[in-house]
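Structure first, then comments.
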Amino acid sequence: MRPSWDSYFMKIAEDVALRSTCDRAMVGAVLVREKHIISTGYNGSPAGLEHCDDIGHLMVEGHCVRTVHAEVNAIIQAAVFGQATKDADCYVTHFPCLNCTKMLINARISRLVYANSYRVDPTALDFLTRAGVELVCIDDIPDQLPIDITPAS
């Protein structure tokens with residue numbers, strides 16, 4: 001059976017997550033406009049800096065602050081390569097944190113498709129709703145195969 005577009009792009013986000021260099025949360029994001037990928041991102045250290053996988057986590061108040069989140073890396077990659085994010089869809093393996101939510105809103109993402117609703121931040125959910133971002137949980141997509149992405153601890 002041919003997968004839906006949402007299933008197709010979410011599977012790519014899952015593969016992108018495998019590149020993550022912080023094992024606390026292996027997250028992948030794919031930005032898509034008009035059914036074409038414009039950028040991808042995964043959790044990883046800023047370019048040229050050491051990775052958690054190599055030197056360990058940099059913990060501050062229970063969070064690893066060494067890495068840039070997948071959604072932000074996807075937005076940055078689009079900017080670096082001159083791809084407009086306005087009206088793009090974001091496919092992400094985990095519901096975004098509040099900071100990523102604000103950046104997705106400011107990048108003018110129109111639709112957010114996510115697979116893991118672990119730790120849904122009520123403020124982030126409120127912001128996305130009030131900003132008019134369409135939200136789709138992958139569980140609502142009937143032909144999506146179950147994914148095996150471990151939630152952040």
Side-chain angles (χ1 to χ4, degrees), residues 4-47 52 57-142 144 146-153:
S4 69
W5 285 110
D6 283 342
S7 295
Y8 172 74
F9 290 122
M10 185 57 71
K11 180 61 177 161
I12 293 170
E14 293 172 42
D15 286 343
V16 170
L18 298 174
R19 294 277 310 150
S20 293
T21 60
C22 181
D23 61 6
R24 286 182 48 85
M26 296 184 73
V27 180
V30 177
L31 298 183
V32 175
R33 198 174 53 248
E34 297 179 15
K35 297 185 175 60
H36 293 278
I37 295 171
I38 59 172
S39 68
T40 64
Y42 53 85
N43 287 9
S45 296
C52 295
H57 301 289
L58 179 57
M59 301 300 292
V60 175
E61 297 179 7
H63 299 280
C64 180
V65 297
R66 187 176 307 286
T67 64
V68 179
H69 288 189
E71 302 92 328
V72 174
N73 271 327
I75 292 167
I76 292 168
Q77 184 184 62
V80 167
F81 291 102
Q83 294 293 317
T85 57
K86 184 178 181 190
D87 297 325
D89 297 346
C90 178
Y91 292 83
V92 63
T93 57
H94 293 67
F95 190 86
C97 70
L98 181 57
N99 283 329
C100 288
T101 292
K102 293 184 285 187
M103 292 181 201
L104 290 168
I105 290 168
N106 276 359
R108 305 298 191 265
I109 300 300
S110 62
R111 188 166 177 265
L112 175 70
V113 182
Y114 62 97
N116 186 326
S117 54
Y118 180 75
R119 289 188 181 176
V120 172
D121 182 314
T123 304
L125 184 59
D126 176 58
F127 281 13
L128 289 162
T129 302
R130 291 191 304 139
V133 176
E134 179 185 348
L135 298 173
V136 178
C137 180
I138 200 70
D139 294 338
D140 297 335
I141 301 171
Q144 173 63 39
I147 65 169
D148 183 25
I149 299 288
T150 305
S153 50

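By the 4.5 Å heavy-atom criterion applied to side chains, V133 and S110 are not counted as neighbours. The shortest distance between side-chain heavy atoms of Q83 and S39 does not fall below 4.5 Å. Looking at Q77 and N73, their side chains never come closer than 4.5 Å, going by heavy atoms from C-beta outward. A 4.5 Å side-chain heavy-atom check between L135 and L125 finds at least one atom pair inside the cut-off. In this structure, the side chains of L31 and I38 come closer than 4.5 Å at one or more pairs of heavy atoms. Side-chain atoms of I138 and Y91, non-hydrogen and from C-beta on, never get closer than 4.5 Å to each other. Looking only at side-chain heavy atoms (C-beta outward), F9 and I37 come within less than 4.5 Å of each other.
The side chain to side chain contact (heavy atoms under 4.5 Å, CB included) search around A107 returns I75, T85, I109, not counting sequence neighbours. Residues meeting the side chain to side chain contact (heavy atoms under 4.5 Å, CB included) test with H57, sequence neighbours left out: C22, D23, R24, C52, M59, C64. The salt bridge (charged side-chain N to carboxylate O under 4.0 Å, His left out) test applied to D126 returns R130, not counting sequence neighbours.
To the nearest 0.5 Å, atoms NZ (K86) and CZ (R108) are separated by 7.5 Å. Taking CE of M103 as the start and CG of L98 as the end, the distance is 9.5 Å to the nearest 0.5 Å. Atom CD1 in I76 sits 11.5 Å away from atom NE2 in H69 (nearest 0.5 Å). Summarising the geometry, atom CG belonging to D89 is positioned 10.5 Å from atom CD belonging to E34; distances are rounded to the nearest 0.5 Å. Once rounded to the nearest 0.5 Å, the distance linking CD of E71 with OG1 of T93 reads 7.5 Å. Interatomic distance, NE2 of H63 versus SG of C97, reported as 9.0 Å (0.5 Å rounding).
One N or O on the side chain of S20 and one on the backbone of V27 form a donor-acceptor pair closer than 3.5 Å. No donor-acceptor pair under 3.5 Å is formed between the side chain of R19 and the backbone N or O of A17.
Heavy-atom minimum distance, S117 versus F95: CA-CB, 4.4 Å. Annotation for G44 and T21: closest pair CA-OG1, 3.3 Å, computed over non-hydrogen atoms. Across every non-hydrogen atom of P96 and C100, the tightest pair is CB-CB, 4.0 Å. Here the closest non-hydrogen pair linking M10 and V113 is CE-O, 3.4 Å. When all heavy atoms of A70 and N43 are compared, the closest pair comes out as N-OD1, 2.9 Å. The two atoms that bring M26 and L18 nearest to each other are CE-O, 3.8 Å, heavy atoms only.
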Go through it in stages, so that I can follow the logic: the residues are D121 and F127, the test is side chain to side chain contact (heavy atoms under 4.5 Å, CB included), and I'd like the CA-CA distance, side-chain angles, deciding distance and then a yes or no.
CA-CA 10 Å; D121 182 314; F127 281 13; over 6 Å; no

Could you go through the side chain to side chain contact (heavy atoms under 4.5 Å, CB included) check for L58 and V65 one step at a time?
CA-CA 6 Å; L58 179 57; V65 297; 3.8 Å; yes

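By the 30° and 60° cut-offs, the orientation of the rings of W5 relative to Y8 is perpendicular.
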